[in-house]
Trainee: 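Sharing a structure here in structure tokens format.
Note that the structure is a prediction, hence the values are computed from the model and not measured. Ligands are counted one by one from 1 in listed order, and the atoms in each one are counted from 1 as well.
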Amino acid sequence: MNSPVTLKALERAMHNDELVLFYQPKVCLLSGEVIGAEALVRWAHGDASVLSPDEFLPMVESNGLLHDLTLQLLDQLVGAIVELRDSAPIRRNAPTGLLPPELSLSINVAPNDLASRSISNHIASLLQAGTIKAAELQIEITESAVMSNVDLVYDDLVRIKDLGVKVLMDDFGTGYSSIDRLSQLPFDALKLDQGMVKRMGTSLQNLDVVRSAISMARELGMTSVAEGIESESVYNFLIAHGCEEGQGYFLGRPMSLADFRAFVTTEHDFEGSQIGRVHQACLNLLRFRKTLVDAAFCSRVGEGVALQSVADPGLQSDVVSTRLGLWYFGIGQRLVSHPVFNEIEEPLRKVHGSGLKFLEELERHRSVAMLDQQLADIDQQVNRLISLLHSLERSILACKQNR
Ligand code: C2E
Ligand code: MG
Ligand code: MG
């Protein structure tokens, strides 16, 4: 039987390093590769039982010990990063030159950890000393903790992000943040709450909630991460809708560092697919066209809306930096074995160039009537690209069926 959790036992445990991190694998849903883990604290209790955070974190927090614990765990995490770096994970399906970045481990923090700046100072010195690289570390903080402490945490979140360390909003969907508020916060990723993910299978409405959360992340230029994936059907649905990363018992439970090291060096058969991402590429394209129409419409009716304000935030002068380009010239390149993929580049560059030219002409106050032919040409290019992307979707489907 477990001995009761007392403050004295807890302090002793912290002193004796009995609070240890377990690691739950995170998988890239586009490639099926293990890309890192979330570090979750456990108390390796004296009688060989392992206590979960719910059983002792409230006591840590109410006794003002959480900040010390976070610093202690951060050092443990850094040790794990260094150890895993040398364990050469197996990278499946990765053509030369397209190797994914190093494994990245995330740690959970509370608002007070950020308010004191000591965590960000510590991270800054680790990076400066070259002990870890920014891409190897991520920070998770829950939506509700952020939303009720925005003033307390904002500066440090920005500082951590500026250091190049990714900041993830945890348990997204439980804290009532508006899209407006979200867009003002410096998050790199939204972690969809596991309750939301689990309810997905219970009604069409719940399914739509997850779909919308993935779309919202995409619209805000953030990565979508799903937690609590417990079944293959949920896993496949998330892939189909373009969710980028996932975590859950279906992929792997939290485990000791030694087990996680063995996990990353073992080949897994997690299916990855870009089918949902290709659909998002179609949506990016339609959004691009809509930007042009909006620009023309708003300038024509003279509502005083500057062209920039209606322009797609993903609209960049260089096609490679657009949302669509980031996919096509990035992880999309893993689809080169599908012949139709290679047909996309030329029309993609063309439609982007034509779109920018259209906006330039508008700025020179050319009338929309004069530009009608130009827009019609762009529409033809958009239609051609969408048809190529649909062929690519079918080609990916055909490969899945042959698996
Ligand atoms: P979290 O950060 O949202 O972590 C995910 C929790 O869901 C973990 O519980 C994990 O074991 C559990 N989980 C993951 N996949 C599945 C699944 O497929 N099904 C089910 N039923 N559960 C799954 P855990 O480890 O008990 O942690 C609970 C919470 O405690 C964490 O939620 C986090 O908010 C907090 N926590 C954990 N470690 C730390 C820490 O080191 N520092 C701080 N400040 N908080 C921590
Ligand atoms: Mg977390
Ligand atoms: Mg969570």
Trainee: Please state which option from Q194, E227, E55 has its nearest heavy atom closest to atom 22 (N) of ligand 1.
Mentor: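 Checking each option, the heavy atom nearest atom 22 (N) of ligand 1 is found in Q194.
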Trainee: More than 12 heavy atoms of other residues, nucleotides or ligands under 6.0 Å from NZ of K198: is that the case?
Mentor: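 Atom NZ in K198 is packed in, count exceeds 12.
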Trainee: Is there a donor-acceptor contact under 3.5 Å linking the side chains of D17 and Q76?
Mentor: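 Q76 and D17 do not have a side-chain donor-acceptor pair below 3.5 Å.
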Trainee: Among all the protein's heavy atoms, is there at least one whose distance to atom 32 (O) of ligand 1 comes out below 4.0 Å?
Mentor: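 False for atom 32 (O) of ligand 1.
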Trainee: What atoms of ligand 1 come closer than 4.0 angstrom to any heavy atom of P254?
Mentor: 11 (O)
Trainee: Which of these, L57, V50, V5, V20, sits in a side-chain contact (heavy atoms from CB on, under 4.5 Å) with W43?
Mentor: V5
Trainee: Which of the numbered atoms in ligand 1 are below 4.0 angstrom from a heavy atom of E230?
Mentor: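 Taking each heavy atom of E230 in turn, ligand 1 has 17 (C), 18 (O), 19 (N), 20 (C), 21 (N) under 4.0 Å.
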Trainee: Could you pull out the atom name of the N/O/S atom in D171 that is nearest the Mg ion (ligand 3)?
Mentor: OD1
Trainee: Nearest heavy atom to atom 26 (O) of ligand 1: which of G246, P25, P53 does it belong to?
Mentor: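 Minimum heavy-atom distance to atom 26 (O) of ligand 1 goes to P53.
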Trainee: Rounded to the nearest 0.5 Å, how far apart are OG of S183 and CG of L220?
Mentor: 6.0 Å
Trainee: Decide, counting backbone as well as side-chain atoms, whether S106 has an N, O or S atom less than 2.8 Å from the Mg ion (ligand 2).
Mentor: no
Trainee: With side-chain hydrogen bond (donor to acceptor under 3.5 Å, both in side chains) as the rule and sequence neighbours excluded, what pairs involving residues 242-252 come up?
Mentor: Q24-Q247, E38-Q247, K191-Q247, S224-E244
Trainee: Can you name the N, O or S atom of E227 that is closest to the Mg ion (ligand 3)?
Mentor: OE2
Trainee: When you measure from the heavy atoms of R253 to every atom of ligand 1, does any distance fall below 4.0 Å?
Mentor: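 No.
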Trainee: Can you tell me if K198 has a non-hydrogen atom under 4.0 Å from ligand 1?
Mentor: yes
Trainee: Looking only at heavy atoms of Q24, does any of them come nearer than 4.0 Å to an atom of ligand 1?
Mentor: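 Yes, that is the case, since the closest heavy atom of the residue is under 4.0 Å from the ligand.
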Trainee: For F172, run the side-chain contact (heavy atoms from CB on, under 4.5 Å) check against T142, L190, V225 and tell me which one passes.
Mentor: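 Single pass found, and it is L190.
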Trainee: Which atom name would you report as the N, O or S atom of D170 nearest the Mg ion (ligand 3)?
Mentor: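 Result for D170 and the Mg ion (ligand 3): OD1.
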Trainee: Does the protein put a heavy atom less than 4.0 Å from atom 12 (C) of ligand 1?
Mentor: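 When distances to the protein are checked, atom 12 (C) of ligand 1 has a heavy atom within 4.0 Å.
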Trainee: In ligand 1, which numbered atoms sit nearer than 4.0 Å to a non-hydrogen atom of L73?
Mentor: 41 (O)
Trainee: Decide whether H67 and D113 meet the rule of one side-chain donor and one side-chain acceptor closer than 3.5 Å.
Mentor: yes
Trainee: Output the list of atoms in ligand 1 that are nearer than 4.0 Å to some heavy atom of G248, sorted by atom number.
Mentor: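 Reading through ligand 1 atom by atom, the close ones are 15 (N), 18 (O).
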Trainee: Please work out which of V41, I229, I141 has its closest non-hydrogen atom nearest to atom 38 (N) of ligand 1.
Mentor: V41
